[in-house]
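Numbered from 1 within each chain, the chains take letters A, B, ... in sequence-line order. No hydrogens, no waters, no symmetry mates; every other heavy atom, side chains included, goes into these values.
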Amino acid sequence: MSKSPKTFRPRARVPKGLRDLSAGMVRAELRMLARIREVYERYGFDPLETSAIEYADALGKFLPDEDRPNEGVFSFQDDDEQWLSLRYDLTAPLARYVAENYDGLPKPFRRYQTGSVWRNEKPGPGRFRQFTQFDADTVAAPGVAADAEMCMMGADCLEALGIPRGDYRIRVNNRKVLDGLLETIGLGGDANELTRATVLRSIDKFDKLGRKGVELLLGAGRKDESGDFTKGAGLSPSQITAVADYVESGLGEGATTRRLVLESWRKIVGASAIGAEGLDELAEMDALFEAAGYGLDRIEFNSWIVRGLGYYTGPVFESDLLFEVKDDAGNPVRFGSVGSGGRYDGLVERFKGVKVPATGFSIGVSRLQAALELLGKLDLEAVAAPVVVLTLDAARMADYQQMVSELREVGIRAEMYLGGSGMKAQMKYADKRGAPVAVIEGEDERATGEITLKDLILGSEMSKEIADNTAWREGQPAQVSVPRARLVEEVKAILARHGLHSGFHRG
RNA sequence: GCAGCCGUAGCUCAGCUGGUUAGAGCGCUAGAUUGUGGAUCUAGAGGUCCCCCGUUCGAUCCGGGGCGGCUGUACCA
C-alpha cells in the first residue's frame with residue numbers, strides 16, 4: 001500500500017457555546033434591538049460604543065491568574081505583554097469610560113449600549129459564551145429615582161418586545177435590606193463575610209428550591225438529585241428560621257401591595273440602621289412607581305432577589321418571565337432572568353478613588369430571544385424573499401440585469417439567478433428561497449416581446465391540488481404573460497395581491 | 001468545577017456477542033417526464049463509525065484518557 005500524504009482537513013465546527021445565526025435569527029435580533037433602542041431613547045438615554053476589548057485590569061476582579069488564565073473571561077496577551085480581555089459585560093467598560101472622560105461628561109451621564117459580550121463558562125439553554133446585551137446606565141445620580149426609572153424602563157422594554165403585561169415581572173429588592181437582615185441575625189462584621197455570601201446565595205435559590213431547600217443550604221448543606229453535595233452556611237436553627245421567615249414574609253395573602261411587603265420586612269429588619277435605610281429607599285421607589293402608574297402587575301418587591309455579590313450596593317432588580325417555556329421534547333426549560341440591574345456605587349471608584357453613584361439595567365437579548373424562539377413567538381419570516389429573475393440564456397445576461405435593476409429601482413427586492421443550472425433547478429431555487437415571483441424570459445418570450453411572471457405563492461397553493469404531472473405543467477398555473485415593458489407594474493400587482501409592500505416587508 | 005447519560009452520512013437512526021466493500025428513511029446533486037416549484041422514475045455525491053493510546057492476528061464495537069453534546073448541581077460580574 002502506498003501511502004499518499006494526508007492533507008490536513010480541519011473539522012468544520014463552531015466552538016462550544018458559540019453559534020451561527022441564520023437570516024431569520026439575525027433579523028429577529030435586529031428587530032428586538034430596534035424596539036429596545038426606541039424605549040431607551042424615549043427615556044432620554046444616548047448611545048455610546050466602547051471597545052469590545054479592554055485591558056484586563058480595567059475589567060475588574062477577573063485578572064488572569066497563572067493556573068487558569070481564561071477562567072470566566074477570555075484573555076490574551078498583547079505584544080507588550082499586557083493582558084487584554086474580551087468584555088464580559090457592558091458595565092465595566094462603561095465605568096472605565098466614565099473614569100477616563102469624567103470631567104467632560106454631563107452629569108448625570110445617561111447612555112445606552114448594545115453589543116456582544118463573552119464569558120468563558122459552561123453554556124446551557126439560552127446561555128452562550130457569546131451573547132448580546134442591551135444596557136442602559138445612569139452615572140452620577142445618587143437618588144433612587146434613577147433606579148426606579150430603570151425598573152419602569154425594563155417593564156416598558158419587555159412589553160415593547162411583545163411580552164404581555166402579566167407574563168413577566170420586574171422583581172426589586174435592596175441590598176441594604178439584605179444587609180440589615182444579616183446584621184439583625186448577628187452576621188455583621190468582617191469576620192462573617194464568607195458566611196454572609198453563602199447566606200445570600202442560599203436566599204437567591206428560594207425560587208428554585210423552596211423554603212426547605214433554602215433551609216438546608218443555610219444549615220448543614222444540601223444534596224441534590226445527582227448526589228452532589230453543596231456545603232451549607234452553618235447557621236443556627238434560630239438564624240435559619242429568621243432568614244426563611246424573611247424570605248417568605250413578602251409572599252402570600254397579605255402582600256397585595258408593595259407597601260404591605262415593606263411593612264412586613266420592616267418588622268424583621270427595621271431595627272437595623274442599614275436595613276431601615278434600604279426600606280426607606282424602596283418606599284421612595286414605590287411612590288415613584290405609583291405616580292407613574294406601575295402596579296404590582298409590572299413591578300414587585302421581592303425578598304429573594306440578590307444578584308451578584310460583587311458590586312451591587314443598593315436596589316437590585318431583575319426581570320423574569322412568568323410563563324413556562326418548553327423545549328422541543330416538551331420538557332420545561334428553566335431560563336434565568338432575561339434582564340437585570342441595580343445600583344453600583346463603587347465601580348467608578350476603582351479608577352477615580354471617589355465614589356460615583358450609578359445604576360443600570362441590562363437586557364439579556366440572546367437569552368430572551370432563545371425563550372421567545374422556544375415559545376414560537378419569534379417571527380423568523382418577517383422579510384419577504386426577493387423576486388428571482390431566471391437566467392435562461394447565458395448570452396442575454398445584460399437583459400436580465402436590466403430587469404433586476406428596474407425592480408430594485410422601485411424598491412423591490414430582486415436578484416437574478418447566479419447559479420449554473422438549468423430552468424428546473426432555477427425554479428427550485430426560487431421556491432427554496434421563498435421567492436414570491438419568478439420572472440421568466442426565454443426564447444419563446446423574447447420572440448413575442450413578452451415575459452412570463454409566475455406567482456409562486458399562488459402556485460404553491462395550487463400545487464396541493466395536482467393529480468397529474470403532465471396536466472399541471474401544461475396548464476402552467478399561476479403564471480401570466482405580459483409585455484416586457486410592464487415588468488415593474490405587473491410584479492408590483494402580484495406582490496400587492498399577497499400583501500407584500502415593495503417586496504420587502506411582509507404583512 | 002462536580003455528577004449522570006450520550007457521541008455511526010446534512011438530519012433521524014439501524015448495525016456488529018470484535019472479522020473483508022458500514023446501511024435505511026428523509027435531505028442533497030444531476031437526468032427523464034417537449035422550457036417550470038409538487039409527485040413519480042433513474043443515477044450520483046456524501047462517512048478518519050468524535051479523537052488519541054492500549055488489548056488483539058484484527059477494534060466502529062472491549063479498556064483508559066481526551067474532546068464534544070444533553071441533564072442536574074455549583075458559579076453567574
Side-chain angles (χ1 to χ4, degrees), chain A residues 6-9 11-17 59-62 68 71-73 85 87-93 95 117 119-125 127 133 197-198 201-202 204-205 208-209 213 217 221-231 306-312 318 327-329 331-334 336-337 340-342 344 347 360 362 364 367 388 390 392-393 419-435 438 440-445 452 454-479:
Chain A
K6 274 191 180 171
T7 35
F8 171 69
R9 291 246 168 73
R11 286 253 293 282
R13 54 186 186 144
V14 69
K16 72 166 174 178
L59 287 185
K61 63 187 209 181
F62 284 100
R68 302 194 288 185
E71 184 66 13
V73 56
S85 296
R87 64 185 176 206
Y88 55 79
D89 71 6
L90 296 171
T91 309
V117 302
R119 294 185 188 180
N120 191 8
E121 55 191 21
K122 186 190 144 187
R127 186 169 164 161
Q133 288 196 327
T198 307
R201 275 196 285 266
S202 307
D204 194 42
K205 296 204 170 45
K208 215 176 199 175
L209 304 179
L217 285 173
R222 175 179 176 273
K223 191 180 282 189
D224 67 47
E225 299 146 46
S226 73
D228 208 21
F229 184 74
T230 308
K231 195 170 180 297
V306 176
R307 302 306 308 164
L309 273 31
Y311 63 59
Y312 291 120
E318 67 178 46
D327 65 15
D328 297 337
N331 303 314
V333 177
R334 182 174 284 281
S337 65
S340 66
Y344 51 95
L347 263 199
S362 177
R367 185 181 285 187
V388 172
L390 270 48
L392 298 175
D393 184 347
S421 300
M423 181 167 187
K424 185 175 176 105
Q426 298 196 26
M427 287 303 296
K428 279 185 148 183
Y429 171 78
D431 185 45
K432 186 167 265 183
R433 293 281 271 122
I440 304 166
E441 187 196 45
E443 259 181 88
D444 300 352
E445 285 84 359
T452 297
K454 182 140 189 156
D455 181 338
L456 296 176
I457 296 171
L458 177 60
S460 163
E461 281 162 25
M462 294 175 69
S463 75
K464 291 171 191 156
E465 314 289 318
I466 304 168
D468 174 63
N469 185 46
T470 317
W472 181 51
R473 288 177 138 198
E474 283 176 358
Q476 299 192 327
Q479 66 186 57

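- Only the P atoms considered, A9(B) is 15 Å distant from U60(B), to the nearest whole Å.
- Minimum interatomic distance between Arg307(A) and Ser337(A) (heavy atoms only, all atoms of both residues): NH1-OG, 3.6 Å.
- With rounding to whole Å, Arg222(A) atom CZ is found 18 Å from A3(B) atom P.
- Atom-to-atom, OH of Tyr88(A) to P of C76(B) comes out at 13 Å; the value is rounded to the nearest Å.
- For the pair Asp444(A) CG and U34(B) P, the computed distance is 15 Å after rounding to whole Å.
- Here Gly17(A) lies in heavy-atom contact (under 4.0 Å) with sugar-phosphate atoms only.
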Working for side-chain contact (heavy atoms from CB on, under 4.5 Å), residues Leu456(A) and Met427(A):
CA-CA 9 Å; Leu456(A) 296 176; Met427(A) 287 303 296; 3.7 Å; yes
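- Met423(A) places a side-chain heavy atom less than 4.5 Å from the side chain of Ile440(A).
- No side-chain donor-acceptor contact under 3.5 Å links Arg87(A) to the backbone of Ala92(A).
- The residue Glu441(A) sits apart from the nucleic acid: no heavy atom pair falls under 4.0 Å.
- Contact detail for Leu347(A) and Thr91(A): the closest heavy-atom pair is CD1-CG2, 3.6 Å.
- If you check every strand for non-hydrogen atoms under 4.0 Å, Leu390(A) touches nothing.
- G25(B) sits 27 Å from U20(B) when the C1' atoms are compared, rounded to a whole Å.
- Between the CD atom of Glu121(A) and the C1' atom of C75(B) there is a distance of 7 Å, given to the nearest Å.
- The separation of C41(B) from C57(B), taken at their P atoms, amounts to 50 Å, rounded to a whole angstrom.
- Ser202(A) contributes a side-chain N or O that, together with a main-chain N or O of Thr198(A), makes up a donor-acceptor pair within less than 3.5 Å.
- Rounded to whole Å, the separation between the P atoms of G58(B) and U73(B) comes to 47 Å.
- Donor-acceptor pairing under 3.5 Å, judged by distance alone, is absent between the side chain of Lys424(A) and the base of U36(B).
- When each of Thr452(A) and Leu217(A) is assigned the nucleotide of RNA chain B bearing its nearest heavy atom, the one mapping closer to the 5' terminus is Thr452(A).
- For U34(B) and C28(B), the P atoms lie 23 Å apart once the distance is rounded to whole Å.
- Ring stacking is absent between Tyr311(A) and A77(B), as the pair misses the limits of under 5.5 Å between centres and under 30 degrees between planes.
- Side-chain proximity of Lys208(A) to the nucleotides A74(B), G37(B), A77(B) is greatest for A74(B).
- The CG atom of Leu392(A) lies 7.5 Å from the CD atom of Glu445(A); values are rounded to the nearest 0.5 Å.
- At the phosphate of C75(B), OP1 or OP2 sits under 4.0 Å from a side-chain N or O atom of Arg201(A).
- Counting only distance, with no hydrogens or angles, the side chain of Tyr88(A) and the backbone of Leu59(A) share a donor-acceptor pair below 3.5 Å.
- For the P atoms, the distance linking A14(B) with U56(B) amounts to 32 Å, nearest Å.
- Atom C1' of G27(B) sits at a distance of 16 Å from the matching atom of G47(B), rounded to the whole Å.
- Between the side chain of Glu461(A) and the backbone N or O of Leu458(A) there is no donor-acceptor pair closer than 3.5 Å.
- The side chain of Lys122(A) contributes no N or O atom lying less than 4.0 Å from OP1 or OP2 of G1(B).
- Rounded to an integer number of Å, the gap from CG of Asp393(A) to P of U36(B) is 17 Å.
- Residues forming a side-chain contact (heavy atoms from CB on, under 4.5 Å) with Gln133(A) (at least two apart in sequence, or on another chain): Asp89(A), Leu90(A), Val117(A), Arg119(A), Phe131(A), Asp135(A), Ser362(A).
- Atom CE in Met462(A) sits roughly 13 Å away from atom C1' in U36(B) (whole-Å rounding).
- Pairing analysis of RNA chain B (Watson-Crick: purine N1 to pyrimidine N3 plus N6-O4 or O6-N4; G-U wobble: N1-O2 and O6-N3; both under 3.5 Å) yields stems of 3 or more pairs at B:1-7 with B:67-73, B:10-13 with B:23-26, B:28-32 with B:40-44, B:50-54 with B:62-66.
- Distances shorter than 4.0 Å separate none of the side-chain N or O atoms of Arg307(A) from OP1 or OP2 on C76(B).
- Met427(A) places its CE atom 18 Å from the P atom of U33(B), with the value rounded to the nearest Å.
- Within 3.5 Å, a donor on the side chain of Gln479(A) pairs with an acceptor on the base of U36(B), or the reverse.
- Between Glu443(A) atom CD and G35(B) atom P there is a gap of 10 Å when expressed in whole angstrom units.
- Side-chain contact check for Glu441(A) versus Asp393(A): every heavy-atom pair is 4.5 Å or farther apart.
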Using the 3.5 Å cut-off, write out each protein N or O paired with an N or O of nucleotides 26-30 of chain B and the distance between them.
| residue | atom | partner | partner atom | Å |
| --- | --- | --- | --- | --- |
| C28(B) | OP1 | Lys432(A) | NZ | 3.1 |
| A30(B) | OP1 | Ser421(A) | OG | 2.8 |

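- Counting only N and O atoms by type, the side chains of Gln479(A) and Thr452(A) include no donor and acceptor under 3.5 Å apart.
- Straight-line distance between the P atoms of C61(B) and C6(B): roughly 15 Å, to the nearest whole Å.
- Taking only side-chain nitrogens and oxygens, Lys205(A) comes nearer than 4.0 Å to OP1 or OP2 of C75(B).
- Across all strands shown, Asp455(A) has heavy atoms under 4.0 Å from base atoms, whether or not it also approaches the sugar-phosphate.
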